[in-house]
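Inspection log for the structure reproduced underneath, given as C-alpha cells.
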Amino acid sequence: MKIGTDIIKVYKDVHIWVGIVCGLMLFIAFYAGSITMFEKPLERWATPPSALSPPPPLENAEKLLDAVLAERPQAAKGYSIVVTPTTDQPARVIWAERGERPRQLIEYGASFAADGRLEVEKLRKAQTAQLVDRMHQFVGLPLPDDAARLIMGAVALAYAVALLSGLIVLLPTLVEDLFALRAGKNLKRMWLDAHNALGIFSLPFHLIIALTSVVFAFHDPFYDTQAKVLYGGEINWGEHEAAPTGRVPLPAGELLVRVQAQLPGFEVFGFTFQQREGGHLEAGVIGLDPRRGTRARTYMRTHLDPYTGEVDTHDLPGRMDGWGEAVNAFFALHFGSYGGNPVRWLYVLMGLAGAALFYTGNLLWVESRRRMQRGAAPVPQKRSARVLAELTVGVSLGSVAGISATIAAAKWLPARVDDLMLWHEVIYYAVFFIGVAWALLRGAGRGAAELLWLCALTTLLIPFSSLAGVWGIGGAWNQAGTAAIDLTALVAVAVFLLVARFTRRRMRHGRTDSVWSVADQRQMTQVVSKGALT
Amino acid sequence: MSAWPLLLATLFGAAAAALFYLASPQQQWRSAGPWPARWRCWPGSLCALLSLVMTTRIMAPMEAVFAWLVLLMFAASIAPFLGIWYRRSFAGKTA
C-alpha cells in the first residue's frame, strides 16, 4: 500500500509520543491486569482461615438462618445462602452490616458450633487482589479514584490512537515484514521487528482492550447522558412484580434442585435474598456457566422467584436481548471471563505480551537516539535516552516488585495491622518508588539487573509466606488447594533470574556505546565528577 | 469443560500459527525456504478451521470465536520469537 512519506511521518510522531507518554502506565495496567485474571485463586490464597465451625449441610441452611435472624434481625434486609462454601466465603449464611465509615459494609458469616450454639464471625476477605485490580484499573496512579479514572480513560483513548497510528505507519511494509524478526548488529531494527511482531497480530485484542477501557472509565458520564437525552432524566431499569406476602420461600436445597433443572450446565454458587417493603422477598441466583462470557468476571447473576424457584433468565448470557448480549460481550472480552482457566491463561500471556509491547516501544525510542562510537574515544549517550531508559526500567520493574511484595505481605499483615488496604498500598508504593529511585541512581543497565533480582526476591517471598504458614511462623497460614499460586510465583522467580542474567551479560559484554552498558555508566560518572570539580 | 476438544483446539491453533509462519518469506525455521511454495495459506487455514470447530464443541458460538481468535493472535505473535530462538539454538549450529 502506498502512503505519502509526509503522512507516515505525522502518524509516526503521533505513535512515538503517545507511546512514550502512556507506555509506562500501560505497562503497569497490563502487568497488573494479567495478575487479576486469577483474582479468585489469589483471594483464596490470601484470605485468613475462618474460625467458624464447618458449615452445616445445605438442608439445614434455613435452621441456621433462623438462628442468625433471631440474634441479628438486621441481617434480614439482605443475606446470602452459600451452596459451595470456599475459603473466601467460608459460611453457609453470609450477610453485610453497615460500618462506621460512609458506604462501608462489613460481611459476617455464621455457623453452628459442635454444641449447637450459633457462631458469628466477621469475614476477613483478603484485599490483595482488590489492590492489584486497583493498580490495573487506575494504571498505578496514587490518586483519588475519580481523578485516576479520568486519567485512565484519557490514557486508554491515547492507547487506541497509538494503535491506529502504529498500524498506519506499518501499512506500506506490512505484507513484506509480516513475521519478520531480524536479529543482527542493527539493534534498532531488531527492537522494531520485536515491537511489530508483538503488536501486529494482537492488534484486535489491543483495540478491544483500549475501547472497553474507555467505556469503563467514562461509564457514569455515558449513562448520565443517555438518561438525560433518551429517557428524560432517569433510566427506568424496570421493576419486578411484587410477590404476594404471606407465602413461604422455598428452602435453599429445593431452590437448587429447581434451578439446576432449568439451567443445565450452570454451576450454582449461592442464592441472595433481599427483603423489600411489605415483607416480600426478592432473590437472585449466583453461579457460572463457563461456556459463556460474563460481565461480572467470575460469576453470573440473575433473578429468581424464591417462592416458586422459577428463574428469570433474561440477565443470563445467551438468553439476553441483542443489546444485552452486546454489552455483555464488551465486558467479557475485556475480562477474559469465558472459557474458564484456559482462556484466563491465554489472557495472562496476551497481557504479558502487551506489557512487553510497551517495554519494547520505549527501548526502540532509546535505541533510535543512540550515539554511535566511531573511534576509540568513548561516547556518552544523550541525557533524554538515558533518563527514559532508567524510567522504563524503574517504573516497570518497580511495579513488578511492588506487586509481588504486597501479595507476599498478605499473609503477615492481618495479625499485625487493622487497615489492610492502607498497608498493602504503602508496601506497593514504597517498593515501587524505591525501584524508580534505584534505576535513576544506578543507571539503566545496572539498575535493570539489580531490580530484576529484587523482583525475584519479592516474588520468592510469596511461596515463603505459604511455607511460613505451614510451619506456623509469625501468624501466617497456608490454605489447602492454593499451591498453584506458589508454583506460579516460583516459575516467575526463575524467569526473573534468567532475564537478570541476560541483562548482566549485555551490561558487561554488549556494545559500549549504549545506555545499557556499564562503560557508559562510568563515562557518565566521570563527566559528572569533572563538572563538579570545575 | 472436556479436555480432549480443548487440547485439540489448542494444538490445531498452535499448528495453524506455526504453518502460517513457515509459509512466510520471513520464516527462520527452514533453511530451504518457506513451505509450501504454492498455496501457502492452505495448511495453516485448514488447521485454524479445525481449531475453530474444536473450540465450538466446548464453548458457545460467540465465545468460541473470541477464544479461537485470542489463541491464534498469541501463537502468531510468538512465532517469530520461536523462529529466531530455533535458528540460534539449532539451525545455526548445524550450518
Side-chain angles (χ1 to χ4, degrees), chain A residues 173 175-184 190 193-209 265 289-294 316-319 325-326 328-330 332-334 336-354 356-357 360, chain B residues 1-11 13-14 16-30 34 40-41 44 51 54-89 92:
Chain A
T173 56
V175 176
E176 63 187 87
D177 282 352
L178 202 66
F179 285 118
L181 184 53
R182 289 155 283 202
M190 186 196 75
D193 284 344
H195 187 68
N196 289 344
L198 288 170
I200 197 67
F201 288 107
S202 52
L203 183 70
F205 174 83
H206 283 284
L207 276 175
I208 288 286
I209 297 293
D289 180 351
R291 295 167 304 175
R292 297 200 175 271
T294 166
L316 288 179
R319 298 163 195 252
E325 289 289 357
N328 190 62
F330 221 59
L333 278 171
H334 188 100
S337 56
Y338 54 95
N341 283 343
V343 172
R344 284 208 181 90
W345 272 111
L346 258 182
Y347 266 63
V348 168
L349 296 171
M350 288 297 279
L352 295 177
L357 177 72
T360 52
Chain B
M1 198 176 285
S2 317
W4 277 110
L6 175 69
L7 185 69
L8 287 174
T10 311
L11 288 177
L19 288 167
F20 283 133
Y21 177 72
L22 205 54
S24 151
Q26 298 286 355
Q27 63 83 27
Q28 304 208 30
W29 284 345
R30 203 166 170 265
R40 286 184 176 178
C41 287
S51 172
M54 286 297 151
T55 317
T56 53
R57 299 278 302 274
I58 44 176
M59 283 180 225
M62 197 167 66
E63 282 81 354
V65 173
F66 293 159
W68 173 72
L69 282 173
V70 177
L71 172 66
L72 286 186
M73 279 189 259
F74 176 71
S77 294
I78 61 162
F81 296 94
L82 292 178
I84 203 151
W85 169 77
Y86 174 80
R87 190 170 188 85
R88 283 187 169 180
S89 305

Sub-4.5 Å side-chain heavy-atom contact between A:L198 and B:F81: yes

Residue A:D177 versus chain B: region with a heavy atom under 4.5 Å: both

Interatomic spacing from OG in A:S202 to CD1 in A:I209 - rounded to 0.5 Å: 10.5 Å

Test item: B:S24 side-chain N/O and B:Q26 main-chain N/O as donor-acceptor pair under 3.5 Å: yes

Spacing of B:M62 atom CE and A:R292 atom CZ [to the nearest 0.5 Å]: 8.0 Å

Contact origin within B:L71 toward chain A - heavy atom pairs under 4.5 Å: both

A:A194 portion near chain B, given a 4.5 angstrom heavy-atom threshold: both

Spatial distance of atom CG (A:L357) from atom CG (A:L203) [nearest 0.5 Å]: 10.0 Å

Among the listed options A:F179, A:Y347, A:F201, the residue most often paired with chain B at heavy-atom distances under 4.5 Å: A:F179

Side chain, backbone, both or neither of A:L178 within contact of chain B (heavy atoms, under 4.5 Å): backbone

Side chain / backbone / both / neither for B:A67 at chain A, heavy atoms under 4.5 Å: both

Minimum heavy-atom distance A:H195-A:T360, with the two atoms named: ND1-OG1, 3.2 Å

Choice from A:P204, A:P317, A:A332 maximising heavy atom contacts with chain B below 4.5 Å: A:P204

